[in-house]
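Single-structure report; data block below.
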Number of protein chains: 2
Amino acid sequence: MHHYSRDNMAELLRAHDINPTHQRIEIAYALFSHQEHLSADQVMTIVNDRHAETSKATVYNTLNLFLEKGLIREVIVDPSKVFYDPNTGPHHHLYEVDSGRLTDIAADDVRIEGLPELPKGMETVGIDLIVRVKRTA
Amino acid sequence: MHHYSRDNMAELLRAHDINPTHQRIEIAYALFSHQEHLSADQVMTIVNDRHAETSKATVYNTLNLFLEKGLIREVIVDPSKVFYDPNTGPHHHLYEVDSGRLTDIAADDVRIEGLPELPKGMETVGIDLIVRVKRTA
DNA sequence: CCGGGAGTTAGACAGAGTCCAAGTCCTAGA
DNA sequence: TCTAGGACTTGGACTCTGTCTAACTCCCGG
Ligand SMILES: [Mn+2]
Ligand SMILES: [Mn+2]
Ligand SMILES: [Zn+2]
Ligand SMILES: [Zn+2]
């Protein structure tokens, strides 16, 4: 899919068993049309850019709902805030520690081998691979 | 090394170009004698268990100093707090999302292949591999 | 015994995220 | 069309992690 509209978003939400409200549609649209890793704060700013209509509580409620329903995923790289990722397919991340820029690494060519057996009664929720980089001195 | 004493800690600090003070020795001892991933709050509790003598500001100052000097490393897996890791050798992490338990995965057998070239002018600071697991439903 | 720099401190502060009780919105049913 | 009720949203208080600052203490060299 290449073009994101608010109508698309409503369908997407319904497909994930989420009741599409004004606010939820705007928040989904912010994430999917940008196709970037956004913090809650950035989502809030984008959504309220034209005219304020979505509260902080709703932004957090909604992001957590989206997470629960598997519509987005969270990326934990910065100790001070969570990033929300509209790309739920398997992929990894490159984090520029100076600038805070976070970009995707396609999972296709990356192989992770030799991980030990999981303890019994445990299942993998996800494997996060983060490459931290900085400008060469 | 298998037995950690406060005298050990003083030497260790000096070897890392850190002036060993009472508080710094206690904090290093908390981390190295436990050999666990501790949050700042946990360090604070351990250090002040017998009698309060180290302030919150000093705990944070000291942990950040230890990081800077390469004595410990930080592990960012939990969106709400940083864990400090006395093991600076290459290794990976297993994170139990329910309980918050964080354990090491030896790096020996793990191979990560096929990572793309870094953008020019960038160098790798570190590669974090985190396996998130939960109890089977 | 001093002087001064390094280290520590309490407490104010900032930012991310949660919680709550009150209000609004939407819909299904009469 | 009207209405009742559940779902959703809201402002603001609150919590928690982490930082900052200005005053104080400690320690060492002269
Ligand atoms: Mn609107
Ligand atoms: Mn002491
Ligand atoms: Zn991503
Ligand atoms: Zn570790």
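Below, chains carry the letters A, B, ... as their sequence lines are ordered, and counting in each starts from 1. All figures in this text were calculated on a predicted structure; none of them were measured in a lab.
- Taking only side-chain nitrogens and oxygens, A:Thr21 never comes nearer than 4.0 Å to OP1 or OP2 of C:dC25.
- Against DNA chain C, the stretch residues 68-85 of chain A makes heavy-atom approaches under 4.0 Å through A:Ser80, A:Lys81, A:Val82.
- The residue among B:Lys56 and A:Asn61 whose nearest nucleotide of DNA chain C is located toward the 5' end is B:Lys56.
- The hydrophobic clustering, which links ILVMFWY residues whose side-chain heavy atoms are closer than 4.5 Å, places A:Val77 and B:Val131 apart.
- Atom CG of A:Leu13 is separated from atom P of D:dC8 by 11 Å (rounded to the nearest Å).
- A close approach under 4.0 Å does occur between a side-chain nitrogen or oxygen of A:Gln23 and OP1 or OP2 of D:dT10.
- One interatomic measurement links the two molecules: CZ of A:Arg14 to P of C:dC26, which rounds to 14 Å at whole-angstrom precision.
- Under the 4.5 Å side-chain contact rule for hydrophobic residues, A:Val82 and B:Val97 do not share a cluster.
- A donor-acceptor contact closer than 3.5 angstrom is absent between the side chains of B:His93 and B:Asp128.
- Note on B:Leu94: it does not cluster hydrophobically with B:Leu38, by side-chain heavy-atom contacts below 4.5 Å among ILVMFWY residues.
- Between the side chain of A:Asp98 and the backbone N or O of A:Arg135 there is at least one donor-acceptor pair closer than 3.5 Å.
- Put simply, CG on B:Asp17 is 13 Å from P on C:dA6, counting in whole angstrom units.
- A donor-acceptor pair shorter than 3.5 Å cannot be found between the side chains of B:Asn87 and B:His37.
- To the nearest angstrom, P of C:dT18 lies 13 Å from CG of A:Leu65.
- With DNA chain C read from its 5' end, the first of the two nearest nucleotides for B:Ala57 and A:Tyr60 is the one closest to B:Ala57.
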Could you go step by step and tell me if B:His92 and B:Ile130 meet the side-chain contact (heavy atoms from CB on, under 4.5 Å) rule? CA-CA 6 Å; B:His92 307 298; B:Ile130 294 148; over 6 Å; no
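- Only at 4.0 angstrom or more do the heavy atoms of residues 40-48 of chain B sit from any atom of DNA chain C, so none qualifies.
- The environment of A:Arg111 atom CZ is dense: over 12 non-hydrogen atoms of other residues, nucleotides or ligands sit within 6.0 angstrom.
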Between B:Leu31 and B:Tyr4, is the side-chain contact (heavy atoms from CB on, under 4.5 Å) condition met? List the steps. CA-CA 10 Å; B:Leu31 284 162; B:Tyr4 293 96; over 6 Å; no
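- Distance B:Leu38 CG to D:dG18 P: 13 Å, rounded to the nearest Å.
- At the heavy-atom level, A:Ser39 lies nowhere under 4.0 Å from the strands shown.
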Test log, rule side-chain contact (heavy atoms from CB on, under 4.5 Å), inputs B:Leu65 and B:Glu68: CA-CA 5 Å; B:Leu65 179 67; B:Glu68 227 175 78; 4.2 Å; yes
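- Atom CD of A:Glu53 is separated from atom C1' of C:dG23 by 17 Å (rounded to the nearest Å).
- Nearest to the side-chain atoms of A:Asn64 among the listed nucleotides D:dT19, D:dT10, C:dT18 stands C:dT18.
- Between the two ends of the helix from C:dC1-D:dG30 to C:dA30-D:dT1, each summarised by a five-pair axis, the helix axis turns through 10° (rounded to 10 degrees).
- Heavy atoms only, all atoms of each residue included: A:Glu123 and B:Thr136 are closest at OE2-CA, 3.7 Å.
- Note: CD1 (B:Ile18) to C1' (C:dT8) measures 16 Å, nearest angstrom.
- For B:Glu26 and C:dT9, the CD to C1' distance is 17 Å, given to the nearest whole Å.
- Between C:dT9 and B:Thr58, a contact under 4.0 Å exists linking OP1 or OP2 to a side-chain N or O.
- No side-chain donor-acceptor contact under 3.5 Å links A:Gln42 and A:Tyr84.
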